[in-house]
Amino acid sequence: MNSFMELAKERYSMRSFSEQVVEKEKLDQILEAGRIAPTARNGQPQRIKIITSQEDIAKMDECTRSRFGSTTILLVCYDKTVSWQRQYDDALSGQVDASIITTHMMLMATELGLGTCWVMHFDPAKTIELFELPENIVPVAYLPMGYPSETAAPTDRHNDRFPIENFLF
C-alpha cells in the first residue's frame, strides 16, 4: 500500500474465506493495531476473544450465520465497568471504542493481505450465554478474518458512494 486512502479503498467485507490459517505473527499485529487504537479518556475497555477452536467456532455458528468459512474470528467486546461515561446523559463510550478498535484491526488485516467482515448480525444474548461472558462484558461485533477464497470479491455495491455533500450540513 502506498497510502491510507488506497488501503481504505482496497478493504471490503470479505464473505468467502479460504482454509489457509492466519499466522500467529499476523494475528499478533492485528491485535496490536486494536490495542493501540484510541479510546475515550484512554480507558481501553476493549476485550477481545480469539475464536479458533472447533468448539468455539461451533458456538459462534449458533449465534450467527455470518462466519463465511473463516477459522479465525475475533469477538470484540467492551467492559462496561471501565468504559468512560458521558456526564450529560450517562452514555457509555464502549460501543464507540470497540468500533474504533475493530476498524483499526480491519485495516491492519487488509495491509497484511487478509480480509475481514464486520458482523453485527448476531444474537448477543446467545453469545453471552455460550461464551459465558461476565455481565460487565458487552459483545459488539464478530470479526471473521483470513485469506480470500478463489471466489472472494467485493459486492457490486462496494464502490457506490454518495457525494460528499450528502454528509455535510
Side-chain angles (χ1 to χ4, degrees), residues 1-40 42-79 83 93-124 127 130-131 133 137-161:
M1 307 294 140
N2 292 330
S3 74
F4 174 79
M5 192 60 75
E6 290 174 12
L7 177 70
K9 286 179 179 179
E10 180 180 317
R11 193 253 155 220
Y12 67 93
S13 292
M14 188 173 292
R15 292 181 174 90
S16 181
F17 295 94
S18 77
E19 293 180 8
Q20 184 178 348
V21 174
V22 175
E23 299 87 347
K24 181 184 181 324
E25 298 77 27
K26 288 187 177 185
L27 181 58
D28 288 346
Q29 289 180 67
I30 292 164
L31 293 169
E32 178 66 6
R35 188 185 74 81
I36 66 170
T39 59
N42 199 26
Q44 303 173 49
Q46 68 267 33
R47 302 296 182 262
I48 300 169
K49 177 162 184 55
I50 302 169
I51 297 172
T52 55
S53 73
Q54 289 303 314
E55 179 184 347
D56 282 349
I57 288 171
K59 289 177 186 178
M60 181 197 169
D61 286 344
E62 287 189 51
C63 301
T64 179
R65 64 176 192 250
S66 301
R67 184 168 56 86
F68 309 113
S70 174
T71 57
T72 302
I73 306 101
L74 302 179
L75 172 56
V76 182
C77 306
Y78 72 91
D79 183 338
S83 184
S93 67
Q95 183 106 10
V96 173
D97 292 336
S99 297
I100 294 167
I101 288 149
T102 304
T103 301
H104 273 230
M105 292 190 300
M106 287 187 328
L107 292 170
M108 186 74 234
T110 302
E111 183 172 294
L112 295 172
L114 302 171
T116 59
C117 187
W118 183 311
V119 176
M120 189 176 165
H121 184 264
F122 68 93
D123 183 337
T127 297
L130 293 179
F131 288 103
L133 302 180
I137 302 299
V138 179
V140 175
Y142 283 100
L143 188 63
M145 65 179 58
Y147 290 92
S149 73
E150 290 181 14
T151 61
T155 66
D156 294 342
R157 299 181 317 259
H158 177 72
N159 291 316
D160 293 346
R161 299 288 179 230

From [X] atom [atom1] to [Y] atom [atom2], the distance as rounded to the nearest 0.5 Å:
| X | Y | atom1 | atom2 | answer |
| --- | --- | --- | --- | --- |
| Gln46 | Cys77 | CD | SG | 11.0 Å |
| Cys117 | Phe17 | SG | CZ | 6.5 Å |
| Glu111 | Gln29 | CD | CD | 8.0 Å |
| Ile101 | Ile36 | CD1 | CD1 | 11.0 Å |
| Asp97 | Asp79 | CG | CG | 11.5 Å |
| Leu75 | Arg47 | CG | CZ | 13.0 Å |

Item to check | CA sep, side-chain torsions, deciding dist, call: Leu112, Val22, side-chain contact (heavy atoms from CB on, under 4.5 Å) | outcome: CA-CA 10 Å; Leu112 295 172; Val22 175; over 6 Å; no
Checklist outcome for this item: Only residue of Ile100, Thr110, Ile48, Leu27 satisfying side-chain contact (heavy atoms from CB on, under 4.5 Å) with Met105 is Ile48
Next on the checklist: Before you tell me yes or no, could you show the steps for Thr155 and Arg15 under side-chain contact (heavy atoms from CB on, under 4.5 Å), namely the whole-Å CA-CA distance, both residues' side-chain angles and the distance that decides it to 0.1 Å?
Outcome noted: CA-CA 9 Å; Thr155 66; Arg15 292 181 174 90; 3.6 Å; yes
Heavy atoms, side chains only, cut-off 4.5 Å: are [X] and [Y] in contact?
| X | Y | result |
| --- | --- | --- |
| Met145 | Leu74 | yes |
| Lys26 | Tyr147 | yes |
| Arg67 | Asp61 | yes |
| Val140 | Thr102 | no |
| Leu130 | Asp56 | no |
| Asn159 | Arg161 | no |
| Ile50 | Leu31 | yes |
| His104 | Ile30 | no |

Smallest separation among heavy atoms of [X] and [Y], with atom names:
| X | Y | result |
| --- | --- | --- |
| Gly94 | Ser83 | N-OG, 2.7 Å |
| Met14 | Gly115 | CE-CA, 3.5 Å |
| Ala8 | Leu107 | CA-CD2, 4.3 Å |
| Thr127 | Pro139 | CG2-CB, 4.1 Å |

Checklist entry - Does the pair Glu62/Lys59 count as a salt bridge with the N-to-O cut at 4.0 Å? => result no
Checklist entry - Without hydrogens or angle criteria, can the side chains of Thr72 and Ser70 be said to hold a donor-acceptor pair below 3.5 Å? => result no
Checklist entry - Is a side-chain donor-acceptor pair under 3.5 Å present for Ser16 with Thr151? => result yes
Checklist entry - Between Ser93 (side chain) and Val96 (backbone), is there a donor-acceptor pair under 3.5 Å? => result no
Checklist entry - Hey, mind stepping through Ile57 and Thr71 against side-chain contact (heavy atoms from CB on, under 4.5 Å) and telling me if it holds? => result CA-CA 7 Å; Ile57 288 171; Thr71 57; 4.3 Å; yes
Next on the checklist: Are Tyr142 and Phe122 an aromatic pair, judged by ring center distance below 6.0 Å?
Outcome noted: yes
Checklist entry - Are more than 12 heavy atoms from other residues, nucleotides or ligands located less than 6.0 Å from atom CG of Asp160? => result yes
Next on the checklist: Would you say NE2 of His158 has more than 12 non-hydrogen atoms from neighbouring residues, nucleotides or ligands within 6.0 angstrom?
Outcome noted: yes
Next on the checklist: Just to verify, what does Gln95 make a side chain to side chain donor-acceptor pair (under 3.5 Å) with, not counting sequence neighbours?
Outcome noted: none
Checklist entry - Given Trp118 and Met106, is the side-chain contact (heavy atoms from CB on, under 4.5 Å) satisfied, shown in steps? => result CA-CA 8 Å; Trp118 183 311; Met106 287 187 328; 3.7 Å; yes
